[in-house]
Amino acid sequence: MKSPILETLPLGFPWVTADPFLFCVHHDDAYPAGNEHLGPAASLAGRNIGQDFEGKDGWRMYHGDVVPGFPGHPHRGFETVTLVRKGLIDHSDSLGATARFGHGDVQWLTAGAGVVHSEMFPLLETGKPNPTELFQIWLNLPAEDKLAPPHFSMLWSQHIPHVLFTDEAGRRTEVTVAAGQLDGRRAPPPPPRSWASRPDTDVAIWTVRLDAGATWTLPPAANPRANRTLYFFDGEAVKVADQLVRQHQALVVRSDAAIRLEAVGGACELLMLQGRPIGEPVVQYGPFVMNTRTEIQQAFTDYQRTRFGGWPWKSEDPVHPRDEGRFARHADGRIERP
């Protein structure tokens with residue numbers, strides 16, 4: 001029987017993606033206890049502050065200098081989907097919206113015509129470590145939606161389906177459905193102008209965790225034109241159909257085939273990204289993703305002229321008070337809490 005695996009690729013930084021996705025990165029940082037400023041209670045000596053991506057001592061400051069994370073930076077022409085598995089993110093943006101989310105929450109941001117946002121990782125715990133793990137995924141927008149009004153949706157963890165399966169030996173598989181649907185369970189809706197909001201695009205973002213020895217069959221995509229990639233990122237080994245995979249890697253697989261997965265040597269976990277390709281030219285320069293070079297030049301001109309609404313915060317890297325819970329305040333003033 002022909003293997004459903006079409007291609008294997010190394011897991012770099014970031015991970016390789018296929019249309020309609022642009023980018024995927026897995027941040028997994030073993031931050032120490034926090035200090036009074038919500039940064040690490042540890043020496044920052046030996047780090048390239050402002051560009052700290054080396055992973056010294058198991059964690060990174062990224063572009064932060066006091067609190068780890070990514071101070072204000074612009075985007076246009078695509079969406080960011082941020083799945084926070086451990087820890088918290090403090091979000092602030094040029095529209096005046098702000099949020100704190102994490103512990104299984106997902107933020108889905110349509111940058112559209114343009115937004116500046118910061119994503120900081122506050123270390124709230126002072127007496128114990130602050131492990132932080134998240135995926136950030138960039139999903140492209142088609143030409144007609146690249147200048148859509150910026151918008152973000154919060155997908156709070158309690159509304160995200162966790163679909164459980166048990167094999168004949170009683171071993172469990174848990175699939176977390178951040179986008180798409182599985183076994184009659186549907187993820188919360190994405191923003192209205194998202195490629196994922198169209199019923200025929202079959203966008204799916206799932207994490208699949210198999211107990212040691214567990215088997216589970218990944219069903220075919222609803223749309224046979226969908227691109228589908230499995231990212232094996234945790235565990236000793238996984239069997240994909242008849243192929244044993246021991247190295248963490250990306251596996252581009254057929255989307256029209258059911259694929260049997262088996263955890264070998266212990267529990268394992270995979271991320272799945274799936275969707276019908278947009279099939280349009282992609283021209284990217286840093287944080288702007290458009291269809292032509294002229295549009296990229298216009299994005300720079302617009303950003304320099306408007307700053308995509310300005311920056312209403314006192315610093316480029318704002319964080320919320322330590323005792324603030326998870327919440328979102330949208331640009332229209334609406335406040336939601338899980």
Side-chain angles (χ1 to χ4, degrees), residues 10-15 22-75 80-94 97-107 109 111 115-138 152 231 233-234 248 271 285-288 307 311-327:
L11 291 186
F13 193 89
W15 296 350
L22 299 162
F23 171 99
C24 178
V25 66
H26 180 213
H27 296 292
D28 192 4
D29 291 285
Y31 290 117
N35 60 24
E36 67 272 24
H37 304 295
L38 306 187
S43 171
L44 300 182
R47 295 180 180 273
N48 183 16
I49 296 302
Q51 290 283 346
D52 179 25
F53 286 79
E54 295 300 316
K56 182 177 182 287
D57 300 325
W59 50 276
R60 305 161 183 83
M61 289 294 291
Y62 299 107
H63 296 314
D65 55 11
V66 175
V67 177
F70 298 85
H73 55 281
H75 292 304
T80 64
V81 186
T82 307
L83 291 71
V84 186
R85 291 155 55 90
K86 300 175 188 173
L88 293 164
I89 292 182
D90 280 359
H91 161 99
S92 302
D93 68 38
S94 56
T98 189
R100 170 171 283 173
F101 62 97
H103 305 312
D105 300 328
V106 174
Q107 186 199 56
L109 170 68
V115 68
V116 180
H117 73 154
S118 66
E119 304 156 289
M120 307 307 298
F121 308 162
L123 309 182
L124 303 190
E125 299 292 345
T126 58
K128 61 181 182 180
N130 289 271
T132 300
E133 183 191 3
L134 62 105
F135 294 106
Q136 183 161 99
I137 298 156
W138 291 10
F152 78 81
Y231 300 88
F233 69 91
D234 189 47
H248 292 171
L271 171 73
Y285 193 94
F288 304 139
R307 297 292 169 178
W311 189 250
W313 312 102
K314 293 180 180 179
S315 71
E316 293 292 316
D317 56 354
V319 292
H320 301 298
R322 185 186 307 276
D323 59 358
E324 179 63 80
R326 289 150 57 223
F327 78 101

Considering all heavy atoms, the nearest [X]-[Y] contact:
X: Met61; Y: Val67; result: CE-C, 3.8 Å
X: Pro40; Y: Leu44; result: CG-CD2, 4.0 Å
X: Ser92; Y: Pro318; result: OG-CG, 3.4 Å
X: Ala111; Y: His75; result: CB-CB, 3.6 Å
X: Leu123; Y: Gly39; result: CD1-C, 3.7 Å
X: Tyr31; Y: Pro68; result: OH-CB, 3.3 Å

For Phe53, I'd like to know if atom CZ has over 12 heavy atoms of other residues, nucleotides or ligands within 6.0 Å. yes

When you look at CD of Glu54, are more than 12 heavy atoms from neighbouring residues, nucleotides or ligands closer to it than 6.0 Å?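 No, because the 6.0 Å sphere around CD of Glu54 holds 12 heavy atoms or fewer from other groups.
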
Picking from Phe152, Phe101, Trp313, what satisfies ring-ring contact (aromatic ring centres under 6.0 Å, His included) with His91? Phe152

In a check of ring-ring contact (aromatic ring centres under 6.0 Å, His included) between His27 and each of Trp15, Phe135, Trp59, Tyr62, which one passes?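 That would be Tyr62.
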
Say you draw a straight line from [atom1] of [X] to [atom2] of [Y]; how long is it, rounded to the nearest 0.5 Å?
X: Leu38; Y: His320; atom1: CG; atom2: NE2; result: 11.0 Å
X: Asp65; Y: Asp317; atom1: CG; atom2: CG; result: 6.0 Å
X: Leu271; Y: His26; atom1: CG; atom2: NE2; result: 9.0 Å
X: Leu124; Y: Leu88; atom1: CG; atom2: CG; result: 5.5 Å
X: Leu83; Y: Leu134; atom1: CG; atom2: CG; result: 8.5 Å
X: Thr98; Y: Phe327; atom1: OG1; atom2: CZ; result: 4.5 Å

Are the side chains of Asp105 and Val84 in contact, using a 4.5 Å heavy-atom criterion? no

Main-chain N/O of Arg60 paired to Asp29 side chain as donor or acceptor, under 3.5 Å: yes

Tell me if a side-chain donor or acceptor on Asp93 pairs with a main-chain N or O of Val116 at a distance below 3.5 Å.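 Side chain of Asp93 to backbone of Val116: no pair is present.
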
Any chance you could lay out the side-chain hydrogen bond (donor to acceptor under 3.5 Å, both in side chains) test for Glu119 and Gln107, step after step, and finish with the verdict? CA-CA 11 Å; Glu119 304 156 289; Gln107 186 199 56; over 6 Å; no

Suppose we call two aromatic rings close when their centres sit under 6.0 Å apart. Are His63 and Phe70 close by that rule? yes

Under a 4.0 Å N-O cut-off, is there an ion pair linking Asp90 with Arg100?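 A salt bridge links Asp90 with Arg100.
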
